[in-house]
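Below is one structure, written out as structure tokens, with a few remarks after it.
Residue numbers start from 1 in every chain, and the chains themselves are labelled A, B, ... in the order their sequence lines are given, proteins ahead of strands. Hydrogens, waters and symmetry mates are skipped; everything else that's a heavy atom, side chains included, is used. Note that this is a predicted model, so its numbers are computed, not measured.
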There are 2 protein chains.
Amino acid sequence: MTSLKKPPTMSDVAKLAGVSTMTVSRALKPGASASRATRQKILAAAETLGYVLDSTAAGLSSGKTGFIAATIPSINNGNFADTVRGLTDGLAETNLQILLGYTNYDATEEERLIEQFLRRRPEAIVVTGGWHTDRCRRLLEMADVTVVETWDLPENPIDEVVGFSNANAAKVMVHHFHDQGYRCIGFIGGDTTHDPRGLSRRQGFVAALAELGLETKRLVAAGRPPITMREGASALRDLLAKWPDTEAVMCVSDLSAFGAMTECQRAGLRVPEDIAIAGFGAYDLSEHAIPPITTIDVSAYELGKLAAETIIRRAQDAGARPAKISRKIDPQLIARKSTSRAE
Amino acid sequence: MTSLKKPPTMSDVAKLAGVSTMTVSRALKPGASASRATRQKILAAAETLGYVLDSTAAGLSSGKTGFIAATIPSINNGNFADTVRGLTDGLAETNLQILLGYTNYDATEEERLIEQFLRRRPEAIVVTGGWHTDRCRRLLEMADVTVVETWDLPENPIDEVVGFSNANAAKVMVHHFHDQGYRCIGFIGGDTTHDPRGLSRRQGFVAALAELGLETKRLVAAGRPPITMREGASALRDLLAKWPDTEAVMCVSDLSAFGAMTECQRAGLRVPEDIAIAGFGAYDLSEHAIPPITTIDVSAYELGKLAAETIIRRAQDAGARPAKISRKIDPQLIARKSTSRAE
DNA sequence: TTGAAAGCGTTACCAG
DNA sequence: CTGGTAACGCTTTCAA
């Protein structure tokens with residue numbers, strides 16, 4: 001559809017409607033201060049010409065781009081997608097548009113993305129987690145916008161935080177296992193170098209076991225995050241090969257848990273009678289699997305919603321607002337059959 | 001992090017480096033035509049000031065925003081996420097940024113999104129499917145950019161097409177069922193009013209059955225797309241309640257197929273011995289489920305990659321290029337245990 | 001309610 | 001390789 005004529009501008013519309021560009025500009029805004037009549041003329045002229053406002057020019061002139069930048073580790077992940085949905089829904093009343101990027105669980109890629117996004121002059125930035133490259137952190141600190149870190153509780157936040165404790169979530173799960181009578185408990189996660197949240201869960205897992213006086217050695221790192229069903233499956237094989245007496249396994253995500261569980265079933269092990277399996281993230285999958293899989297709900301959608309609220313609040317406080325306010329969510333255990341010890 | 005000082009501009013950098021803004025502008029570009037020495041000075045000055053290029057201004061001035069707009073029906077869908085990944089990867093060499101939006105399978109919401117995106121003056125637009133509101137179509141036609149419709153083969157394309165025939169994909173599945181000896185075959189999909197691709201699959205399903213001289217009545221509409229595992233499960237109950245002699249079921253997606261399959265298992269029906277189940281989309285899930293689920297791979301990632309190639313090609317042909325070239329992909333059947341008739 | 005003028009920060013264009 | 005100047009299309013600001 002590449003024609004040659006230049007697209008109409010506001011002054012074309014103004015000319016056709018017989019008014020000034022300023023009047024057009026105002027008539028096109030929501031809270032239009034223009035008389036009914038002129039506004040009709042203007043709208044008609046715009047329609048005739050096929051005029052579309054140029055936000056690039058508007059943004060340059062007004063100093064407001066209407067962008068919110070957000071980075072998530074992976075776009076192909078229901079949990080992060082839920083957070084983005086929450087963010088979008090929370091921003092629906094505003095005219096803010098989301099500039100979404102995914103980092104592939106790579107801090108360097110995150111840095112690259114943030115650098116790109118900063119050029120767009122977003123009015124706020126939402127990032128996943130509190131672990132960034134030094135340069136990335138510096139960029140975020142120097143950027144003159146609200147920064148919201150989510151999905152974690154960074155010890156030293158850049159600005160605002162809307163998250164939860166991954167370590168504590170793992171602890172909740174360990175206690176659930178313990179309550180059910182399991183004592184030899186393993187953990188399946190990804191390599192610990194790329195997924196800080198996965199690492200926190202693993203650390204929380206180990207710490208909780210230690211507190212209970214249980215063995216903490218049954219840890220398998222299954223590859224580069226995000227780990228897949230396949231990696232969950234092979235990790236389970238590895239785990240049982242090394243520690244055959246393992247009674248229960250916590251997986252870093254529902255997907256890997258499902259992979260691990262089906263691997264058990266293929267191997268003739270009954271879940272939960274022979275081995276218990278739990279996941280993380282409260283995917284639909286864990287609810288519908290047979291047996292249903294115990295998991296942790298971190299309220300991913302809510303996280304996005306709260307991030308949006310935070311951004312809006314900060315925008316209204318126009319200007320100064322140094323306080324670093326955390327919105328903390330408590331992950332909820334969803335106990336299901338997959339970890340219910342046969343009496 | 002809201003400070004009061006205005007962020008540094010290019011002219012601040014120029015001043016500090018003792019050159020003109022033009023030299024700064026050039027030195028900051030990839031193919032920099034600036035002497036080693038001045039460029040070092042400039043980079044140093046930029047670093048000192050914490051300068052970040054303002055793409056808004058750059059875009060206004062150059063007439064190139066560096067945006068590619070893309071809309072998908074749902075962000076929480078592995079298939080569409082794969083297409084976005086393909087698009088991103090395909091665009092990696094360029095400096096183009098993706099402006100992503102999701103429509104919730106709602107043509108009106110798509111129209112709203114496209115209208116918003118158009119204001120950002122994207123250099124190309126990728127949309128899912130060929131079914132738009134009249135106004136949305138008009139907007140896309142009048143926009144002076146490459147438009148790529150994906151995930152379908154519209155009869156009357158707006159511009160470029162990178163897709164596949166959903167109807168034909170369903171036909172392939174029907175023939176697979178037929179080859180396996182199944183004759184009483186049902187279809188589970190969402191309401192037909194919101195998902196044109198789901199509707200095409202259903203129509204292709206019916207047409208293929210009719211060609212084979214089989215009954216075409218076993219159709220269940222399970223709710224607003226995208227249909228979930230739960231809806232797949234309840235739809236299966238409905239289907240069997242109405243037509244108890246059904247031997248096989250094609251589902252509009254792998255997720256609903258999984259829901260349907262687990263529902264069978266809960267009801268004590270063996271898959272595939274008592275009933276065959278197939279899905280659509282080649283999710284990991286269908287590979288790891290027990291039994292593994294027969295599905296169709298539509299090469300979602302490839303679709304995005306090809307869309308990117310199309311966009312790049314059109315950008316190079318600078319200007320005229322009226323031809324509507326389709327990149328057609330052939331969906332591949334992945335036959336698995338869930339539809340393998342016990343001999 | 002409307003308009004005129006002055007930018008917003010960058011790059012295109014043309015000189016040197 | 002470098003610099004001056006004029007846009008780019010809009011909104012801010014100040015007047016009327």
For atom [atom1] of [X] and atom [atom2] of [N], their distance in whole Å:
{"X": "Asp12(B)", "N": "dG9(C)", "atom1": "CG", "atom2": "P", "answer": "9 Å"}
{"X": "Arg120(A)", "N": "dT10(C)", "atom1": "CZ", "atom2": "C1'", "answer": "13 Å"}
{"X": "Lys64(A)", "N": "dG9(D)", "atom1": "NZ", "atom2": "P", "answer": "24 Å"}
{"X": "Asp54(A)", "N": "dC8(D)", "atom1": "CG", "atom2": "P", "answer": "12 Å"}
{"X": "Ile42(B)", "N": "dC1(D)", "atom1": "CD1", "atom2": "C1'", "answer": "11 Å"}
{"X": "Leu28(A)", "N": "dC10(D)", "atom1": "CG", "atom2": "P", "answer": "9 Å"}
{"X": "Arg121(B)", "N": "dC8(D)", "atom1": "CZ", "atom2": "P", "answer": "14 Å"}
{"X": "Leu60(A)", "N": "dT10(C)", "atom1": "CG", "atom2": "P", "answer": "9 Å"}

Polar contact flag, side-chain donor to acceptor under 3.5 angstrom, Tyr102(B)-Asn76(B):
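No, Asn76(B) and Tyr102(B) have no side-chain donor paired with an acceptor closer than 3.5 Å.
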Residues which pass ring pair (Phe, Tyr, Trp, His ring centres under 6.0 Å) with Phe80(A), listed by chain and number, not counting sequence neighbours
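Applying ring pair (Phe, Tyr, Trp, His ring centres under 6.0 Å) to Phe80(A) gives Trp151(A).
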Under the ring pair (Phe, Tyr, Trp, His ring centres under 6.0 Å) test, residues paired with Tyr105(B) that sit two or more places apart
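Tyr105(B) satisfies ring pair (Phe, Tyr, Trp, His ring centres under 6.0 Å) with no residue once adjacent residues are dropped.
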How does each nucleotide of nucleotides 11-16 of chain C score, in 5' to 3' order, for protein heavy atoms under 4.0 Å: base (B), sugar-phosphate only (S), or none (-)?
BBB---
Is there a side-chain contact between Thr23(A) and the phosphate of dG3(C), meaning an N or O under 4.0 Å from OP1 or OP2?
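Yes, such a contact exists.
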Are any of Thr38(B)'s side-chain N or O atoms less than 4.0 Å away from OP1 or OP2 of dT2(D)?
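Indeed, a polar side-chain atom of Thr38(B) lies that close.
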Report the residue (Val19(B) or Val52(A)) whose heavy-atom-nearest nucleotide on DNA chain D is the more 5′ of the two.
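By nearest-heavy-atom nucleotide position, the 5'-most residue is Val19(B).
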For Ser299(B), enumerate each residue passing the side-chain contact (heavy atoms from CB on, under 4.5 Å) test, keeping only those at least two apart in sequence or located in another chain.
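Asp297(B), Glu302(B), Ile329(B).
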Tell me every residue that passes side-chain contact (heavy atoms from CB on, under 4.5 Å) with Arg119(B), counting only those two or more places apart in sequence or in another chain.
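Testing Arg119(B) for side-chain contact (heavy atoms from CB on, under 4.5 Å), a comparison that skips the adjacent residues, returns Val52(A), Leu53(A), Ser55(A).
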Ring pair (Phe, Tyr, Trp, His ring centres under 6.0 Å) contacts touching residues 123-148 of chain B (sequence neighbours left out):
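Qualifying pairs, neighbours excluded: none.
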Electrostatic pair Glu109(B):Arg112(B) at N-O distance under 4.0 angstrom
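Salt bridge between Glu109(B) and Arg112(B), a charged N being under 4.0 Å from a carboxylate O: yes.
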